[in-house]
Amino acid sequence: DAGVIQSPRHEVTEMGQEVTLRCKPISGHDYLFWYRQTMMRGLELLIYFNNNVPIDDSGMPEDRFSAKMPNASFSTLKIQPSEPRDSAVYFCASSLFGGAYEQYFGPGTRLTVT
Amino acid sequence: AQSVTQLDSQVPVFEEAPVELRCNYSSSVSVYLFWYVQYPNQGLQLLLKYLSGSTLVKGINGFEAEFNKSQTSFHLRKPSVHISDTAEYFCAVSDWDGNKLVFGAGTILRVKS
(Lines give C-alpha, C1' and ligand atoms only; values in the text may rest on other atoms or scores of the structure.)
Protein backbone atom coordinates (compact mmCIF):
# COMPACT_ATOMS: atom_id res chain seq x y z
CA ASP A 1 0.00 0.00 0.00
CA ALA A 2 1.19 3.53 -0.72
CA GLY A 3 0.46 4.76 2.78
CA VAL A 4 -1.61 7.80 3.63
CA ILE A 5 -1.58 10.29 0.78
CA GLN A 6 -2.06 14.00 1.29
CA SER A 7 -2.30 16.78 -1.23
CA PRO A 8 -1.08 19.34 -1.80
CA ARG A 9 2.23 19.04 0.05
CA HIS A 10 2.61 22.80 0.17
CA GLU A 11 -0.01 25.50 -0.10
CA VAL A 12 0.55 29.23 -0.05
CA THR A 13 -2.53 31.39 -0.12
CA GLU A 14 -3.66 34.89 0.75
CA MET A 15 -5.77 35.74 3.73
CA GLY A 16 -9.46 35.38 2.99
CA GLN A 17 -9.07 32.65 0.39
CA GLU A 18 -10.59 29.20 0.69
CA VAL A 19 -8.18 26.33 1.25
CA THR A 20 -8.94 22.65 0.75
CA LEU A 21 -6.63 19.94 1.99
CA ARG A 22 -7.08 16.38 0.81
CA CYS A 23 -6.36 12.98 2.29
CA LYS A 24 -6.55 9.41 1.07
CA PRO A 25 -6.29 6.95 3.95
CA ILE A 26 -4.85 3.47 3.80
CA SER A 27 -7.34 1.08 2.28
CA GLY A 28 -9.31 -0.83 4.89
CA HIS A 29 -8.64 1.56 7.73
CA ASP A 30 -11.81 2.50 9.58
CA TYR A 31 -10.51 5.59 11.38
CA LEU A 32 -9.26 8.86 9.95
CA PHE A 33 -7.75 11.69 11.97
CA TRP A 34 -6.88 15.29 11.07
CA TYR A 35 -4.14 17.00 13.09
CA ARG A 36 -2.57 20.44 13.05
CA GLN A 37 1.05 21.00 14.09
CA THR A 38 2.47 24.38 15.06
CA MET A 39 5.48 25.45 17.07
CA MET A 40 3.30 27.19 19.63
CA ARG A 41 0.61 24.57 20.16
CA GLY A 42 2.31 21.34 19.13
CA LEU A 43 0.27 18.54 17.61
CA GLU A 44 -3.49 19.01 18.01
CA LEU A 45 -6.26 16.67 16.97
CA LEU A 46 -8.86 18.58 14.99
CA ILE A 47 -11.41 15.90 14.15
CA TYR A 48 -11.68 12.17 13.63
CA PHE A 49 -13.98 9.92 11.64
CA ASN A 50 -15.04 6.31 12.12
CA ASN A 51 -16.46 4.59 9.04
CA ASN A 52 -16.80 7.98 7.33
CA VAL A 53 -18.83 9.45 10.20
CA PRO A 54 -17.41 12.38 12.20
CA ILE A 55 -17.13 11.26 15.81
CA ASP A 56 -15.40 14.09 17.60
CA ASP A 57 -14.84 17.54 16.16
CA SER A 58 -14.14 19.26 19.47
CA GLY A 59 -10.66 20.21 18.29
CA MET A 60 -11.86 22.18 15.28
CA PRO A 61 -10.83 25.73 16.13
CA GLU A 62 -13.84 27.59 14.77
CA ASP A 63 -16.57 27.62 12.18
CA ARG A 64 -14.12 28.54 9.46
CA PHE A 65 -12.90 24.94 9.57
CA SER A 66 -14.92 22.05 8.18
CA ALA A 67 -14.10 18.44 7.35
CA LYS A 68 -15.87 15.82 5.32
CA MET A 69 -15.40 12.19 4.47
CA PRO A 70 -17.73 11.36 1.58
CA ASN A 71 -16.38 7.83 1.24
CA ALA A 72 -13.88 5.46 2.79
CA SER A 73 -11.04 6.55 0.53
CA PHE A 74 -11.22 10.34 0.67
CA SER A 75 -11.44 13.16 3.18
CA THR A 76 -11.13 16.93 2.97
CA LEU A 77 -10.35 19.65 5.45
CA LYS A 78 -11.53 23.07 4.35
CA ILE A 79 -10.71 26.48 5.75
CA GLN A 80 -12.90 29.36 4.62
CA PRO A 81 -11.87 32.12 4.93
CA SER A 82 -8.24 31.46 5.75
CA GLU A 83 -6.26 33.63 8.16
CA PRO A 84 -2.51 33.96 8.81
CA ARG A 85 -2.89 32.18 12.15
CA ASP A 86 -4.01 29.08 10.25
CA SER A 87 -0.46 28.66 8.96
CA ALA A 88 0.68 25.23 10.13
CA VAL A 89 1.41 21.71 8.97
CA TYR A 90 -1.76 19.66 8.69
CA PHE A 91 -1.50 15.90 9.00
CA CYS A 92 -3.94 13.22 8.13
CA ALA A 93 -3.61 9.81 9.79
CA SER A 94 -5.53 6.58 9.49
CA SER A 95 -5.88 3.58 11.73
CA LEU A 96 -7.27 0.11 11.33
CA PHE A 97 -9.39 0.14 14.48
CA GLY A 98 -8.45 3.30 16.34
CA GLY A 99 -7.45 3.50 19.97
CA ALA A 100 -4.74 1.00 20.71
CA TYR A 101 -3.90 0.51 17.09
CA GLU A 102 -1.12 2.31 15.28
CA GLN A 103 -1.99 5.53 13.51
CA TYR A 104 -0.29 5.89 10.13
CA PHE A 105 0.50 9.48 9.29
CA GLY A 106 0.67 11.11 5.91
CA PRO A 107 3.54 13.43 4.97
CA GLY A 108 1.54 16.52 5.85
CA THR A 109 0.47 19.68 4.05
CA ARG A 110 2.42 22.81 4.92
CA LEU A 111 -0.03 25.72 4.74
CA THR A 112 1.14 29.30 4.64
CA VAL A 113 -1.45 32.06 4.73
CA THR A 114 -0.08 35.50 3.93
CA ALA B 1 -8.86 15.14 29.49
CA GLN B 2 -5.58 13.32 29.56
CA SER B 3 -2.33 15.25 29.38
CA VAL B 4 1.24 14.31 28.56
CA THR B 5 4.36 16.06 29.79
CA GLN B 6 7.65 15.63 28.04
CA LEU B 7 10.13 17.08 30.44
CA ASP B 8 12.87 17.97 27.97
CA SER B 9 12.31 20.04 24.85
CA GLN B 10 15.76 19.21 23.50
CA VAL B 11 18.30 16.51 24.35
CA PRO B 12 21.80 16.76 22.86
CA VAL B 13 23.87 13.60 23.02
CA PHE B 14 27.01 12.26 21.43
CA GLU B 15 26.92 9.36 19.03
CA GLU B 16 27.09 5.93 20.71
CA ALA B 17 26.06 7.38 24.07
CA PRO B 18 22.90 6.18 25.85
CA VAL B 19 19.83 8.39 25.94
CA GLU B 20 16.60 8.64 27.92
CA LEU B 21 13.66 10.79 26.85
CA ARG B 22 11.21 11.37 29.66
CA CYS B 23 7.45 11.25 29.51
CA ASN B 24 4.80 11.56 32.23
CA TYR B 25 1.06 11.31 31.76
CA SER B 26 -1.79 12.53 33.89
CA SER B 27 -3.96 9.51 34.60
CA SER B 28 -3.51 6.53 36.85
CA VAL B 29 -6.27 4.52 35.23
CA SER B 30 -5.58 2.05 32.45
CA VAL B 31 -4.25 3.76 29.37
CA TYR B 32 -2.48 2.93 26.17
CA LEU B 33 0.90 4.62 25.74
CA PHE B 34 2.87 5.32 22.59
CA TRP B 35 6.10 6.81 21.35
CA TYR B 36 6.22 8.25 17.83
CA VAL B 37 9.18 9.67 15.93
CA GLN B 38 9.12 12.47 13.38
CA TYR B 39 12.03 12.96 11.01
CA PRO B 40 12.39 16.38 9.33
CA ASN B 41 9.61 17.15 6.85
CA GLN B 42 7.89 13.84 7.43
CA GLY B 43 4.84 12.54 9.24
CA LEU B 44 5.01 10.68 12.53
CA GLN B 45 5.73 6.97 12.67
CA LEU B 46 5.23 4.57 15.55
CA LEU B 47 8.29 3.52 17.55
CA LEU B 48 6.56 1.39 20.15
CA LYS B 49 3.44 1.07 22.24
CA TYR B 50 2.31 -0.27 25.58
CA LEU B 51 -1.13 -1.83 25.85
CA SER B 52 -0.77 -4.30 28.71
CA GLY B 53 1.50 -7.04 30.01
CA SER B 54 5.24 -6.64 30.38
CA THR B 55 6.20 -3.15 31.48
CA LEU B 56 9.29 -3.15 29.27
CA VAL B 57 8.36 -2.60 25.66
CA LYS B 58 10.76 -2.96 22.77
CA GLY B 59 10.32 -1.04 19.55
CA ILE B 60 11.99 -0.40 16.26
CA ASN B 61 15.52 0.93 15.76
CA GLY B 62 16.72 -0.40 19.13
CA PHE B 63 14.46 1.78 21.26
CA GLU B 64 12.66 0.55 24.35
CA ALA B 65 10.39 2.11 26.95
CA GLU B 66 9.36 1.20 30.46
CA PHE B 67 5.86 1.69 31.77
CA ASN B 68 5.75 2.72 35.42
CA LYS B 69 2.19 2.91 36.69
CA SER B 70 2.99 4.26 40.15
CA GLN B 71 4.98 7.13 38.70
CA THR B 72 2.72 7.52 35.64
CA SER B 73 5.79 7.54 33.45
CA PHE B 74 6.74 6.00 30.13
CA HIS B 75 10.36 6.93 29.48
CA LEU B 76 12.05 6.06 26.19
CA ARG B 77 15.61 4.72 26.15
CA LYS B 78 18.28 3.63 23.73
CA PRO B 79 21.64 2.24 24.91
CA SER B 80 23.65 3.63 21.99
CA VAL B 81 22.38 6.32 19.62
CA HIS B 82 23.33 6.96 16.01
CA ILE B 83 23.41 10.16 14.00
CA SER B 84 20.36 8.86 12.16
CA ASP B 85 18.34 8.95 15.40
CA THR B 86 18.29 12.75 15.22
CA ALA B 87 14.58 13.55 15.11
CA GLU B 88 11.70 14.74 17.24
CA TYR B 89 10.09 12.19 19.54
CA PHE B 90 6.52 12.38 20.76
CA CYS B 91 4.96 10.57 23.69
CA ALA B 92 1.21 9.98 23.43
CA VAL B 93 -1.55 8.56 25.61
CA SER B 94 -4.98 7.36 24.65
CA ASP B 95 -7.79 9.64 25.74
CA TRP B 96 -10.88 8.62 27.66
CA ASP B 97 -12.87 7.59 24.61
CA GLY B 98 -10.13 5.14 23.72
CA ASN B 99 -9.80 6.32 20.15
CA LYS B 100 -8.06 9.65 20.45
CA LEU B 101 -4.42 10.20 21.23
CA VAL B 102 -3.12 13.11 23.26
CA PHE B 103 0.44 14.01 22.29
CA GLY B 104 3.15 15.61 24.35
CA ALA B 105 5.00 18.70 23.13
CA GLY B 106 7.84 16.62 21.71
CA THR B 107 11.53 16.21 22.49
CA ILE B 108 14.13 16.99 19.86
CA LEU B 109 16.97 14.51 20.05
CA ARG B 110 20.19 15.88 18.54
CA VAL B 111 22.93 13.32 18.09
CA LYS B 112 26.38 14.81 17.62
CA SER B 113 29.46 13.14 16.22
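Atom set for the values below is all heavy atoms of this structure, side chains included, hydrogens, waters and symmetry mates excluded. Below, chain A is the first sequence line, B the second, and so on; all start at residue 1.
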**Student:** Give the C-alpha distance, both sets of side-chain angles, the deciding distance and a yes or no for side-chain hydrogen bond (donor to acceptor under 3.5 Å, both in side chains) between Gln2(B) and Ser26(B).
**Tutor:** CA-CA 6 Å; Gln2(B) 293 274 26; Ser26(B) 60; 3.0 Å; yes

**Student:** Let me know if Ser58(A) has heavy atoms under 4.5 Å from chain B in its side chain, its backbone, both or neither.
**Tutor:** side chain

**Student:** What part of Asn50(A) is in contact with chain B, defined as an atom under 4.5 angstrom from a non-hydrogen atom: side chain, backbone, both or neither?
**Tutor:**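 Asn50(A) has no heavy atom closer than 4.5 Å to chain B.
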
**Student:** Hey, which of Phe67(B), Tyr50(B), Phe63(B) is the one that makes side chain to side chain contact (heavy atoms under 4.5 Å, CB included) with Val57(B)?
**Tutor:** Tyr50(B)

**Student:** With distance as the sole criterion, is a donor-acceptor pair present between the side chains of Glu102(A) and Gln45(B) under 3.5 Å?
**Tutor:** no

**Student:** Given that the side chain runs from C-beta out, which part of Arg9(A) has a heavy atom under 4.5 Å from chain B: side chain, backbone, both or neither?
**Tutor:**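 Contact with chain B is through the side chain of Arg9(A) alone.
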
**Student:** State, without any angle test, whether Gln6(B) and Thr107(B) hold a side-chain donor-acceptor pair at a distance under 3.5 Å.
**Tutor:**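 Yes, side-chain donor-acceptor contact under 3.5 Å.
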
**Student:** Can you say whether Tyr35(A) sits under 4.5 Å from chain B via the side chain, the backbone, both, or neither, judging by heavy atoms?
**Tutor:** side chain

**Student:** Which atoms of Gln6(A) are under 4.5 Å from chain B, going by heavy atoms: the side chain, the backbone, both sets, or neither?
**Tutor:** neither

**Student:** Are any non-hydrogen side-chain atoms of Gln10(B) and Leu109(B) less than 4.5 angstrom apart?
**Tutor:**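 With C-beta onward as the side chain, the pair stays apart.
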
